[in-house]
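First up is the structure itself, then whatever we jot down about it.
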Amino acid sequence: MSTRAADLITLGLRIRHFRAERGFTLDQLGERVGMAGSQLSLIENGRRSPKLSTLQDIATAVDVELTDLLKNEAPNTRAALEIELERAQRNPLYGALGLPRVKMTKGMPMAALESLLGLHRELARRASEAIATPEEARRANTELRERMREQDNFMPDIEQLAEDRVRASGHVSGALTHREVSVMAEQLGFNLIYVNDLPGSTRSVTDLVNHRIYLPPASIPGGHGLRSMALQAMGHRLLGHERPSSYAEFLWQRLQINYFAAACLMPQAASVAFLAQAKRERELSVEDFRDAFGVTHEAAALRLTNLATSHLDMPLHFLRVTGDGALQKGYENDDLPLPADVTGSIEGQFVCKQWSARSAFTHTNRTTEFYQYTDTPAGTFWCATQTGATDAGEFSISVGVPFVQAKWFRGRETTQRAVSRCPDESCCRRPASEVSSRWAGRAWPSARLHAHVLSPLPSGTFPGVDDTEVYEFLEAHAAE
Ligand SMILES: [Zn+2]
């Protein structure tokens, strides 16, 4: 609905308010301004736009300044609710339901007004929530990655905020302790409370009234994940987050709190000192960084992407890949050609089979990182990959740099080499023609759907299925 129509509702209610204050009926005021009571009623209901001269007459009659009459705010709380309800009822969202409009009268109980308004607000909230289709979610995700790439994945303001809060907690060096995290919460006016019955869809819940942050109990005593969750919850408060109005804003807030938590667990000054020293000794490794600050391998690898370019003058990439080769998270500012769909989205795309992120699954025993040089159409990259497993399956975490930067890292002397021609499909995406001609039209695989909500289905003969793997599987078993 137009601003003009919205303004007319407010104007009408202001006139009615001042008329009631003076104790005039519609007809009495109408008489004073030379207008029928029924006409005046149309103005008060926001259905007719009055002439300026009429407004001046009304202002004089009810003894207020014209500017008072024209103020664009509700004259009182009830009127504010009436205005909001009237606007909601004129919204196409409500119109589409084909339900009657409720006419607001003086006799309508406040409870009825509030109840109707509550339903309208919920209708609007659900409608805007439904806008986050997987398509839009992917687009928002891509925009965010590009935005962070432009700033080398570095956010100086949050670094400073984290550094200040950590120092205030009394922390000096090494890993941030659970005790220090509690102190940080107390300084913010919150208590950390561990409960068994947190809603399944939440990571933490903050009670803004009683100043409590509810967290799940540690599955492993002293487990590190809790510090991060508590810090993320504090991040929302410290960064002044409001309820996100869009999926893009939701993602942006989540990125910020994750960044804040990481910057607390691995504070900038201490991390840069540690990493710069390792670089001087040509012993850079995610492993050591992880162990020095008591965080997960993934957290340390991601944190390296925040600091490596801004402080160590080094472009790099990060990949989290599942056991079947699908990219779950990725970042690069070193021009590694990440697989992407037509919209630029990388999540759910399969990375080249030759990359360290996938070859590590077959080569390593998980106790140490796997190192590999890979020639790609964009140059040669050196990568260090750590594999692991969760209930959801295997995954690998890789951090890599262009060839010239490999000299700073432990593992640079590896003899492991591979050649990747992706995105050229003949690299690893298309079956050998001989195999293909033997099996095309003679295989019927059934796809295993990716649980990851952002995953688009990769294209193949069968959506969601890698032809090459199916054919190779058939080849191997046909011979038995
Ligand atoms: Zn390939």
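Ligands are counted one by one from 1 in listed order, and the atoms in each one are counted from 1 as well.
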Going by an N to O cut-off under 4.0 Å, is there a salt bridge joining R149 and D335?
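Salt bridge present between R149 and D335.
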Would you say I397 and E369 make side-chain contact, with heavy atoms under 4.5 Å?
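No; the side chains remain at least 4.5 Å from each other.
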Mind counting the protein N, O or S atoms sitting less than 2.8 Å from the Zn ion (ligand 1)?
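That number is 4, waters not included.
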Pairwise side-chain hydrogen bond (donor to acceptor under 3.5 Å, both in side chains) hits with a residue in residues 166-175, at least two apart
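side-chain hydrogen bond (donor to acceptor under 3.5 Å, both in side chains) check on residues 166-175 returns H171-E180.
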Kindly state each residue pair satisfying salt bridge (charged side-chain N to carboxylate O under 4.0 Å, His left out) with at least one member in residues 371-388, sequence neighbours excluded.
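The answer is D375-R417.
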With Q277, which residues qualify under side chain to side chain donor-acceptor pair (under 3.5 Å), at least two apart?
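By the side chain to side chain donor-acceptor pair (under 3.5 Å) rule, Q277 matches R280, E281.
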Residue pair S396 / T385, side-chain donor-acceptor N/O under 3.5 Å:
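Distance-only check fails for S396 and T385.
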